Structure formats: C-alpha cells, structure tokens
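Sequence lines set the chain letters: A, B, ... in the order given, protein chains first and strands last, and positions in each chain run from 1. Remember, it's a predicted structure, so these values are computed and weren't measured experimentally.
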Amino acid sequence: MKIELDKIYKSKDVETRWYKVWEKSRYFCPNENLDLDPFVIVIPPPNVTGILHMGHALNNTIQDILTRWHRMKQQPTLWMPGMDHAGIATQNVVERKLAKEGKTRHDLGREAFLEETWKWKEEHGSTISKQLRHLGSSCDWTRERFTMDEGLSRSVRETFVRLYEKGLIYQGHYIINWCPRCHTALSDEEAPHKDSEGSLYHIKYPIKDSKDKFVVVATTRPETMLGDTAVAINPTDERYSDLVKQKLNLPLVDRELSVVQDDFVDKEFGTGVVKVTPAHDPNDFEIGKRHDLEFINVMNEDGSINEAGGAYQGLDRFKARKKIVKDLEELGLLLKVEPHQHAVGHCYRCDTVIEPYFSKQWFVKMKPMAEKAIKVVQEGRVQFIPDRWTKVYLNWMENIRDWCISRQIWWGHRIPVWYCNDCEHINVSREDVTECQECKSKNLRQDEDVLDTWFSSWLWPFSTLGWPDETPDLKRFYPTTDLVTGSEIIFFWVARMIMAGCEFLGKEPFKTVNIHGTIRDGDGTKMSKSLGNTIDPLDVIDEVGADALRFSLMMITGSGQDAYLSKDKFEIGRNFTNKIWNACRFLFMNLESEKLEDFELSESELKNLTLIDEWILAELNSTIKKVNFALEVYRFNDAASDLYHFFWHAFCDWYIELVKPKLTSEGEDLISKGERQLTEKVMLHVIEKSLRLIHPIMPFQSEEIWQKLKALCNKDLGESISLSQWPETNHDLINEESIQKVELLQEIATVLRNFRAENNVAPRDKIHIACELESADSVVKGLASEIKLLANAEEVQFISSQKEKGKWFKVGVLKEIILYVDASQDIDIAKRKKVVDESLNNVDAYIHSLEKKLSNDKFKNNAPKEVYEKEVEKLQESLKKQKVFQEEKKTLEELV
RNA sequence: GGGGACUUAGCUCAGUUGGUUAGAGCGCUACCUUGACAUGGUAGAGGUCGGAGGUUCGAAUCCUCUAGUUCCCACCA
C-alpha cells in the first residue's frame with residue numbers, strides 16, 4: 001500500500017477542497033447524541049459591513065478550536081453564525097455611496113433608502129461570512145442569522161413591548177450624546193471620551209444694574225453661552241453670598257440670568273461661578289431641573305447654531321465659538337484664555353466630537369436588570385476568563401446608567417410605537433398598529449426612530465434559537481456554553497446579554513466568557529484600518545495557509561494577553577505545517593506494511609515494543625493529557641506549544657531519527673519483518689493520534705493527511721477527522737522509566753555530538769566510543785545500538801574504570817556514566833581543558849551552595865522530605881562529577 | 001480621580017498553589033547542500049528575572065513601597 005503526499009503542502013488547494021466537503025456534508029450541524037451535553041457558542045456577530053481583520057481571526061480561531069474540540073468529543077455541537085445589521089455603520093456606507101451620486105437619503109425617502117440598503121446588504125453583506133470560511137470556521141451555516149431578519153425582528157419587538165409594559169422602557173427629554181455628523185443620539189458607550197487639548201475661556205458676565213461689576217465664569221465651550229439661563233454658585237460660598245439676589249446680563253444675547261445655589265458647584269475650581277446651560281450640558285441639565293430653569297436649545301441637528309443664537313445663527317458650532325470669543329474680546333469681556341486638557345466625547349463610528357444635546361429619546365431603565373446580572377456573576381454561574389474582567393464587569397454594572405436606545409437613523413428596527421394623531425395615545429405593540437387602542441382612530445403615525453443596534457445584539461444568544469417561540473433549538477441549546485470575545489465589547493454586548501438572558505429567559509445566556517487580548521501592531525498600537533497598520537489575515541492565509549495563521553495566532557497570544565503582531569510572526573505556523581507535512585511524507589514514502597486492521601495497538605503489540613516505541617507512546621499520551629488540560633482551562637497557547645514540542649522535538653527530532661534505519665533499505669538486515677511492521681504501526685498510531693489532536697487548531701492539513709491515512713486501514717474510520725473521536729489519555733502508557741532512559745540517551749548523544757563539534761570531527765567520520773558504567777547492569781547497556789546510531793559510532797564499548805587508561809579520552813560525565821572516545825582522534829586538548837576547567841568551577845560553586853543549604857538545620861526541618869532528598873541526591877551527583885573532572889584536569893595537565 | 005495589565009536572554013513571550021545551577025520561538029555564532037523538510041539538521045553563545053525593602057530555611061513566583069509602559073472607566077465647568 002502506497003500513499004503519497006505532494007512535495008510541498010499546497011494549502012490553498014487543500015483548504016478550498018475540504019471546506020466545501022465539510023459544509024456540504026453538514027458536519028457542522030449538531031449531532032443527535034442525547035447522552036452528552038450540547039456545546040454551544042454564538043458568534044459575536046460581525047458587522048454586515050465588516051471585513052475580516054486580525055481581531056476576527058483570533059476571535060474565530062478560538063471559537064473554532066473550542067467548537068471542533070467538543071465536536072470531536074462527540075457532543076452535539078453548535079456554533080451559531082450570523083451578522084449584525086450595524087445600524088449606523090451600514091447606513092453610513094450607503095449614504096456615502098449615495099453621496100457619490102450627489103444624493104442624500106432624504107432625496108430617496110425612507111422606503112427607497114431602506115430598499116437601497118437591503119440591496120447593498122444582498123450584494124456585499126456576505127463578505128465576512130465567506131472570509132470566516134477561509135479561516136476554517138466550523139459554524140453551522142444552515143442556521144445563520146441576521147439581526148434584521150424576520151425572526152430576530154420579532155424578538156426585538158417582543159422585548160420592547162415587554163419592557164415597556166413592565167415600565168422599564170420610558171420616553172423623555174434628556175441630555176444625550178448627539179453626533180452632529182450621523183445626526184443621531186448615541187448611548188454613553190458609543191461616545192467614548194478622549195483627552196484633548198482645549199481652552200478654558202474666562203468670561204465676564206456683567207451684574208445687572210451695577211456699574212462695571214461682573215462675575216467671571218469659565219467654560220470650555222463658549223458657544224453654549226447662547227443657551228445660558230442661569231449662573232450657579234455653591235451655597236456655602238461666602239464670596240458670592242450677595243450675588244444670589246442679583247441678576248446678570250448675558251453678553252451677546254439680550255437675556256437676564258438669575259443666580260442659583262447648587263451643591264454641584266466646586267468652590268475651588270475656576271472662579272467658583274458656573275454658567276448654566278441646561279440644554280447643552282448634562283450637569284447643567286440637572287441643575288436646570290433642580291432650579292426649574294429654562295431649557296434653551298441653541299443648535300440644529302448638524303451642530304450649527306439655530307435661531308435661538310441670534311446673530312450667530314447658521315454658523316457651525318466651532319466657527320461660532322471662534323466668533324463669539326472674538327466678539328467677547330472686542331467687548332472687553334474676555335478675561336483670559338488658558339490651555340486646558342479635558343475629556344471630550346467622540347462618536348465611535350465617525351469620531352466626530354459629540355454634542356451633549358437636549359432631546360426626546362427612548363430609554364431603558366437598567367438598574368432592575370443589572371441586579372440580576374450582578375447576581376449570576378457573583379454566584380459564579382457566569383464566569384469570566386481571565387477572572388480579572390469580573391471586577392470590570394461588576395464595577396460597570398453597579399454604576400449602570402439608563403440606556404438610550406433610540407437612534408435617528410433609518411437602518412434598523414423601527415421603534416414599535418404608534419402615536420395617535422387624534423388622542424395622542426401611545427400605542428406600543430408586537431404587531432403593527434392600524435387603529436388606536438384608545439380612541440380607535442386610524443389616524444396614527446409610527447415613531448420615526450429606530451433602535452440602537454445593540455438592542456438586537458443583546459438578544460443574540462436566544463433570538464438566534466427562535467425565541468420568543470419555544471423552539472426545539474431553544475430548548476436544546478439555551479443556555480449556551482462559552483462566549484468568546486474581546487474586552488472592548490464587555491459593556492456594549494456581554495453585560496447586556498447577561499441582563500437580557502436573565503430578564504427574558506430567567507437564565508444566564510452562557511457559562512463562561514472568554515475574553516481574549518487585543519491584536520496590536522509591532523509598536524503596540526491597536527491595529528486599525530485608519531492607521532494603516534493592519535496585517536490582512538487573508539493575505540496571511542494566501543501566503544502561508546489558514547492552518548499556519550491559526551497556529552501562529554495561538555502560539556503568540558498568551559491567555560487574555562494583548563498580542564503584538566508583525567508579519568514574521570507567522571513563520572512559526574508556516575514552518576510547523578511544513579514540518580508536519582514532510583514528516584508524514586517521509587514516513588509514508590517508506591511504508592512497507594500492507595493494510596492494517598486499525599491504528600490501535602493490541603495488548604500483544606504493546607508487550608513487544610522497543611524502548612523507543614514505548615517512549616514515544618509515553619510522550620504522546622503525556623501530550624494528550626497536557627493538551628486536554630490546556631483546552632479545559634482555555635490556555636490555547638499551551639495546547640499549541642505542547643503539540644509543537646511533541647511533534648517536532650520529540651517525534652521528528654528523536655523518534656524518526658531513531659527508527660530511520662529500520663525504515664530505509666539499510667535497515668533491512670537489521671530487523672525482522674515483524675519488528676519493522678510493529679514500528680510502522682506505532683509510527684502510524686502516533687501520527688493518526690497527533691493529527692486528531694492538532695485538528696482543532698489546524699483543521700485543513702490534519703484532514704488532508706488523515707484522509708490519506710484512512711486508506712491504510714481496513715476499519716472504517718469515519719468520514720472526516722472533524723467527526724472522529726477526540727484522543728483520550730492512556731495513562732498506562734505514560735511510562736516514566738522509558739522516558740528517563742531516553743532522556744539519558746539524549747544526553748549521551750548530545751555530549752558526543754558536542755565532542756564532534758568542538759573537535760571538528762566531521763559528521764561522516766565514525767568514532768569509537770567507550771562507556772564507563774557505574775554499575776554492571778546499567779540501562780545504558782541496552783542502548784548501545786541507539787548510541788551508535790545517534791553518534792555515528794563504529795562501535796560502543798563498555799569498560800571498567802581502571803583499565804585501558806591511555807586508550808580512551810574522556811569527553812563527558814553524566815548521571816551513571818562517563819563517556820570516552822578513542823584517543824586516536826585528533827583532539828583539541830586546550831579546548832577540552834578549558835571546558836573541563838569551566839565545568840569544574842561550576843560544579844564547585846554548585847556543591848558549595850548545596851552544602852550550605854543542606855547544613856542549614858532550618859532547611860532540614862522545614863522543607864518537605866522530597867525536596868530535601870532531592871538536594872541530597874543533587875549533591876551526591878555533583879560530588880561524583882567533581883571527582884571525575886578533577887581527575888580529568890590532572891590528566892589533561894600531564895598531556896600538555 | 002478610580003480600576004486593570006505589563007516590566008524575565010538582542011526581539012516576542014512561557015514560567016498555575018514559593019524549592020529548576022531560570023525556559024521557548026525568532027535572531028545570533030560555528031559546522032552540516034547525507035534523497036522528509038535549508039520553511040531543514042547539529043552544537044553553542046546570551047538573562048539572576050524593572051528598582052528598593054520585607055516575609056521565608058528557600059522568591060522570578062507572596063507582601064509593601066517605587067519607576068516606566070499601556071489599556072479601561074469617570075459629568076468637574
């Protein structure tokens with residue numbers, strides 16, 4: 001039976017070929033196994049406008065590893081895919097497109113604009129799901145959802161109505177974050193503050209009916225003074241106690257201002273006098289409410305000054321600011337301007353400076369829901385990994401503020417509210433309303449606004465499963481198991497999902513939240529398109545393959561830690577896929593066995609193993625154990641590096657090298673046919689298990705090789721490695737003794753190779769080796785042929801210490817053995833002497849420290865017995881070494 | 001203002017309950033173009049774990065302070 005692999009691994013061909021098969025064969029749909037708990041992940045739905053970036057690649061690789069791992073454990077496994085309609089982002093895209101044609105959305109009107117947007121979605125909206133397939137993501141695409149599809153829209157309405165009926169949704173006039181470019185309200189989370197250099201303007205407000213008397217107020221936004229309706233001081237501030245009875249004249253605008261006392265005012269800051277603009281500042285808004293002040297809105301939706309601004313009407317807010325400052329200066333009312341650093345909100349979509357804006361919006365009352373969501377985390381029913389995020393989450397939850405959910409855009413779920421034009425009744429309904437519930441009038445108008453995009457995302461873990469219907473999927477797959485996401489959407493998404501799950505289903509939506517790090521570039525700045533510092537995952541896939549990308553990402557990103565990425569980081573994955581490919585190729589090339597029954601090793605086969613076979617099986621099983629553990633605790637980097645070290649540095653570097661002669665022609669005389677067959681079987685067993693272990697991280701290549709391997713076997717291994725059984729650890733095969741023996745063998749080989757390197761003995765030249773053994777029954781005796789092979793020796797002799805002194809040259813000292821080579825070699829005595837001197841110094845120092853430690857009674861009394869004994873053992877060994885080195889030093893000195 | 005995270009070889013990072021003469025990958029040096037792989041092999045050089053103090057028989061690992069880098073959160077005009 002011959003199986004062949006191409007000379008080089010052609011990732012592109014393999015990837016497209018297998019993904020098609022996987023998807024077509026519905027391997028990614030959950031199985032019907034009722035005995036095992038289902039494993040469920042919902043994808044953090046990427047924006048429909050999105051294109052795959054490294055953050056996605058990391059996020060989805062982790063999800064895929066978990067999904068494939070559980071699928072191989074034969075659990076019913078569902079990775080629910082889908083996309084987010086991304087209200088503002090998508091609308092921006094379509095509006096930009098229209099702008100190129102010289103049109104605005106208003107030219108089209110609402111209906112036509114939405115049609116246009118759906119059209120855009122149909123044409124471009126599947127980009128990212130295609131890209132996720134390139135990555136190998138094993139989502140169940142038959143269940144793919146979109147936040148605006150019919151079912152999800154229904155759950156949005158259901159939740160809105162329920163919350164409204166419960167009194168948790170209310171409408172009101174408040175100061176919200178307004179983006180003058182997107183023309184919409186934003187939630188607090190959507191308006192992140194950035195420190196910016198601004199100015200603090202000190203302005204004189206004249207006191208009415210006084211000559212030249214004035215108070216000084218300070219502001220960073222002078223243009224808002226157009227909307228001032230009062231000035232506030234701290235009630236305990238004696239400097240201004242007289243002021244309370246007086247009135248002020250607001251400059252530039254002909255308006256009288258009263259003076260109010262409010263605790264909010266900090267006596268220490270500035271002059272201790274605050275201008276109050278209730279319609280343009282959240283704090284002033286509160287003061288305004290407390291003191292029943294007038295709310296004057298001075299801006300239009302685009303941030304320009306409106307008619308209330310008198311002479312400044314029509315000016316953009318920043319132009320108005322300049323002009324106002326200039327005018328004040330001319331009037332002699334500008335006292336001074338100081339540089340001032342302060343935090344300014346910016347639109348998270350377009351980065352425009354947010355305007356605190358007074359308007360009527362819909363809000364969700366969050367406190368009652370937060371309480372439940374806090375509880376489930378505190379009780380450990382939802383667990384953050386790493387745990388430090390728990391604190392971040394709880395802190396936000398405990399200080400939660402109401403959620404502004406109305407957006408003044410068109411793309412999204414329209415608010416299910418109909419106002420009666422006749423009786424002004426507010427109709428809130430799951431179904432479209434055509435008749436007023438109060439007065440039966442048909443003269444209704446629906447609320448113009450749509451809901452925040454996150455108002456549909458927060459339902460994602462159950463809306464995708466069919467909720468509010470009691471669907472079989474919902475029963476079977478809710479609550480989901482793991483959530484995998486980045487830290488930047490803990491508040492936006494994770495926290496709200498927990499609230500929604502508890503509120504609407506009475507059960508937390510997932511058990512663990514795995515927060516992975518952020519991908520940054522080599523300088524540590526976040527990768528973003530606008531900075532132009534991105535590495536496109538698709539380019540990487542193109543160059544090195546998806547498996548290499550995935551593996552590299554796992555090697556690079558420590559648990560939850562940010563990763564600093566540069567292109568060369570992907571070499572590790574590329575090299576590893578190459579190594580696996582070539583190792584398998586080599587082994588397949590030299591196979592002689594006929595078809596095997598299967599790859600499992602029978603009892604009798606296990607009894608006939610060579611030491612090397614025993615050892616590799618021990619290493620394999622200890623790797624299975626480690627990988628299992630790593631995955632269980634979400635330490636993907638550990639899993640990846642465990643696999644890497646096993647396959648490369650145990651299997652390839654040592655095992656294959658050791659069995660090579662048996663497999664190639666020169667070995668034919670050396671072993672019996674049965675022995676060769678057994679070795680081949682062990683080797684195939686190891687490869688087959690390794691492939692299964694690697695499959696969650698590197699799905700494509702493992703499938704390709706595994707399918708070739710299948711042909712060698714009579715037993716039906718199944719259709720795909722992705723459905724095959726996840727390897728279990730066979731603890732009986734973790735044979736410590738064989739591990740120790742092979743470690744000794746490796747040390748011996750290293751010493752001898754080192755000798756070659758130091759003395760420039762060519763690898764081809766055979767050497768003669770002698771081993772002086774501590775005891776006659778040393779295990780080393782059984783290793784002669786391996787030593788011979790690894791050191792390329794003509795022969796290996798075992799000698800006793802006293803004899804044949806002149807013939808052998810000492811090259812190394814190990815645990816139970818002293819190594820010699822034939823003294824006829826051309827040996828660099830000076831070099832050797834240097835090495836021996838250094839070794840002796842090290843050993844001396846080490847012995848000194850050990851003796852010190854051991855002579856300390858406190859150590860003897862306090863340290864655990866094993867630790868103490870270990871130290872004693874170390875000392876004995878070191879003393880032996882010391883003796884040998886001393887002798888050798890003497891010998892070398894005589895020779896010089 | 002509050003809360004995290006990070007600081008270990010030239011670079012990027014491991015080091016899970018304190019006990020290793022401190023590890024890996026890349027890079028570097030020397031040798032190897034022997035038919036699996038130069039995306040390779042062998043050998044080697046290179047850190048005392050940001051700094052200071054403390055706890056302990058024993059600390060990279062725990063505590064305190066301190067410096068630097070960085071990320072969140074926060075309504076001080």
Side-chain angles (χ1 to χ4, degrees), chain A residues 5 7-9 175 192-193 200 217-221 224 232 264-266 268-271 273-277 281-286 340 342-343 356 386 388-389 391-392 395-396 399 487-488 490-491 517-518 520 522 524-526 544 548 555-558 560-566 568-569 571-590 633 635 637-638 641 644-645 649 652-653 656-657 660 664 749-750 753-758 760 762-764 842-843 845-846 849-850 853 856-864 866-868 870-871 874 878:
Chain A
L5 297 180
K7 180 121 174 75
I8 50 163
Y9 172 59
I175 294 274
H193 286 71
L200 191 58
V217 299
T219 180
T220 53
R221 297 184 295 147
T224 62
F264 166 78
V265 181
D266 180 353
E268 310 300 322
F269 190 91
T271 56
V273 184
V274 186
K275 64 190 266 311
V276 183
T277 323
D281 184 279
N283 297 309
D284 294 8
F285 173 77
E286 294 299 327
H340 182 72
H342 59 147
R388 67 183 122 97
W389 296 108
K391 235 167 124 181
V392 176
N395 184 49
W396 186 76
N399 297 297
S487 59
E488 57 279 0
I490 291 181
F491 306 140
T518 305
R520 301 173 185 284
T525 41
K526 191 173 165 169
V544 302
M555 285 295 270
I556 292 159
T557 53
Q561 226 59 280
D562 289 355
Y564 297 77
L565 221 54
S566 53
D568 55 331
K569 296 277 175 72
E571 281 173 16
I572 191 165
R574 181 199 60 178
N575 295 354
F576 191 43
T577 50
N578 179 255
K579 190 72 183 179
I580 294 173
W581 187 257
N582 279 293
C584 293
R585 193 168 87 93
F586 170 70
L587 296 176
F588 290 167
M589 264 163 40
N590 292 292
V633 296
R635 302 196 45 134
N637 56 332
D638 285 359
S641 72
Y644 182 87
H645 284 104
H649 294 125
C652 292
D653 287 354
I656 293 183
E657 289 310 316
K660 225 176 209 174
T664 52
T750 304
R753 287 165 176 171
N754 187 6
F755 160 78
R756 281 178 178 277
E758 271 176 9
N760 301 318
R764 286 168 179 281
N842 287 342
V843 169
Y846 192 40
S849 76
L850 286 170
K853 193 186 259 184
N856 185 340
D857 283 344
K858 284 185 180 167
F859 174 68
K860 201 171 177 178
N861 297 334
N862 291 315
E866 316 95 76
V867 174
Y868 182 81
K870 214 166 137 192
E871 298 298 305
K874 280 186 205 162
S878 302

**Study point:** A:Asn637 CG to B:G15 C1', straight-line distance once rounded to whole Å
**Key:** 12 Å
Check your understanding: Of the non-hydrogen atoms in A:Arg756 and A:Ala762, which two are nearest, and what is the gap between them?
Key -> NH1-O, 2.7 Å
**Study point:** Candidates B:A74, B:A36, B:A43 - which lies nearest the side chain of A:Ile656
**Key:** B:A36
**Study point:** Whole-Å C1' distance, B:A22 and B:A59
**Key:** 12 Å
Review point. With a non-hydrogen cut-off below 4.0 angstrom, is A:Glu866 in contact with a base, only sugar-phosphate, or nothing?
Key: nothing
Point to revise | B:G40 OP1/OP2 closer than 4.0 Å to side-chain N/O of A:Asn582 | key: no
Practice item. Kindly say if A:Thr750 contacts the phosphate of B:A43, meaning a side-chain N or O under 4.0 Å from OP1 or OP2. Key: yes
Review point. Which whole number of Å gives the distance between the P atom of B:U66 and that of B:U17?
Key: 28 Å
Exercise for review: Figure out the CG/C1' separation between A:Asn590 and B:A36, and round it to whole Å.
Suggested key: 9 Å
Study note, to complete from the structure: Per-nucleotide protein contact along nucleotides 16-30 of chain B, 5' to 3', at a 4.0 Å heavy-atom cut-off (B base, S sugar-phosphate only, - neither), is B--BSB--SS-----
Practice item. Look at all strands and tell whether A:Asn856 reaches a base, only sugar-phosphate, or nothing, counting heavy atoms closer than 4.0 Å. Key: sugar-phosphate
Review point. To the nearest Å, how far apart are A:Asn578 CG and B:A38 P?
Key: 7 Å
Review point. Between A:Thr219 and A:Glu758, who's closer to the 5' end of RNA chain B by nearest nucleotide?
Key: A:Glu758
Check your understanding: Which part of the nucleic acid does A:Arg574 contact within heavy-atom distance under 4.0 Å: base, sugar-phosphate only, or nothing?
Key -> base
Point to revise | Taking every non-hydrogen atom, the tightest pair across A:Ile572 and A:Lys569 | key: CG2-O, 3.5 Å
Check your understanding: Which whole number of Å gives the distance between the P atom of B:C49 and that of B:U8?
Key -> 11 Å
Practice item. Would you please name every residue forming a ring pair (Phe, Tyr, Trp, His ring centres under 6.0 Å) with A:Phe576, sequence neighbours left out? Key: A:Phe551, A:Tyr644
Review point. Which part of the nucleic acid, if any, lies within reach of A:Arg221 when heavy atoms closer than 4.0 Å are counted: base, sugar-phosphate only, or nothing?
Key: nothing
Check your understanding: So what's the dot-bracket for RNA chain B: Watson-Crick or G-U pairs under 3.5 Å, [ ] if a pair crosses, | if it pairs off-strand?
Key -> (((((((..((((.....[...)))).(((((.......))))).....(((((..]....))))))))))))....
Point to revise | A:Arg756 CZ to B:A43 C1', straight-line distance once rounded to whole Å | key: 12 Å
Point to revise | Check: A:Tyr9 and A:Ile580 side chains under 4.5 Å, non-hydrogen atoms | key: no
Check your understanding: Does A:Leu850 reach the side chain of A:Tyr846, with side-chain heavy atoms less than 4.5 Å apart?
Key -> yes
Check your understanding: Any donor-acceptor pair under 3.5 Å joining the side chain of A:Asn283 to the base of B:C75?
Key -> yes
Practice item. Determine the Euclidean distance between corresponding P atoms of B:A52 and B:C13; express it in Å to zero decimal places. Key: 24 Å
Practice item. Give A:Lys275 one of three labels, base, sugar-phosphate or nothing, depending on what nucleic acid heavy atoms sit under 4.0 Å from its own. Key: nothing
Point to revise | P spacing across the pair B:G54 / B:U12, given as an integer number of angstrom | key: 32 Å
Study note, to complete from the structure: Residues at least two apart in sequence or cross-chain that pass salt bridge (charged side-chain N to carboxylate O under 4.0 Å, His left out) with A:Glu657, listed by chain then number, are A:Lys660
Study note, to complete from the structure: Atom CD of A:Glu286 and atom P of B:C75 are separated, to the nearest Å, by 12 Å
**Study point:** Nearest-angstrom distance, C1' atom, B:G18 to B:U70
**Key:** 29 Å
Exercise for review: Any chance you could measure A:Glu758, atom CD, to A:Asn760, atom CG, to the nearest 0.5 Å?
Suggested key: 9.5 Å
Check your understanding: Using atom P of each nucleotide, how far apart are B:C26 and B:G40 to the nearest Å?
Key -> 7 Å
Exercise for review: Could you check which of B:A43, B:A36, B:C75 has an atom nearest any side-chain atom of A:Phe264?
Suggested key: B:C75
Point to revise | Side chain of A:His340 (C-beta onward), nearest among B:U42, B:U12, B:A77 | key: B:A77
Practice item. Using salt bridge (charged side-chain N to carboxylate O under 4.0 Å, His left out) as the criterion, list what pairs up with A:Lys853, not counting sequence neighbours. Key: A:Glu871
**Study point:** Reported CG-to-CD1 distance for the pair A:Leu565 and A:Ile556, which is rounded to 0.5 angstrom
**Key:** 5.0 Å
Point to revise | A:Arg221 side chain reached by A:Pro356 side chain, heavy atoms, under 4.5 Å | key: yes
Please write out each protein N/O paired with an N/O of nucleotides 1-7 of chain B under 3.5 Å, distance rounded to 0.1 Å.
residue	atom	partner	partner atom	Å
B:G3	O3'	A:Lys391	NZ	3.4
B:G4	OP1	A:Lys391	NZ	2.4
B:A5	O2'	A:Gln561	OE1	3.3

**Study point:** For A:Ile8 against A:Trp581, the heavy-atom pair lying closest together
**Key:** C-NE1, 3.5 Å
Study note, to complete from the structure: Heavy atoms of A:Ala343 and A:His193 approach each other most closely as O-CD2, 3.7 Å
Exercise for review: Take the protein atom CG of A:Leu565 and the nucleotide atom C1' of B:C11, then report the distance between them rounded to whole Å.
Suggested key: 14 Å
Review point. Picking from B:A77, B:C57, B:A36, which would you name as closest to the side chain of A:Thr220?
Key: B:A77
Study note, to complete from the structure: Note: A:Val273 and A:Val217 closest approach over all heavy atoms is CG1-CG1, 3.6 Å
Study note, to complete from the structure: Walking RNA chain B from its 5' end, the first of A:Lys860 and A:Val265 to be reached, judged by nearest nucleotide, is A:Lys860
Study note, to complete from the structure: Rounded to whole Å, CD of A:Glu657 lies from P of B:U34 at a distance of 13 Å
Check your understanding: Roughly, in whole Å, what's the span from CZ in A:Phe586 to P in B:G41?
Key -> 14 Å
Review point. If you look at every heavy atom in A:Asn582 and A:Lys7, which pair is closest and at what distance?
Key: OD1-O, 4.0 Å
Check your understanding: With rounding to whole Å, what would you report as the distance between B:G15 and B:A24 at their P atoms?
Key -> 15 Å
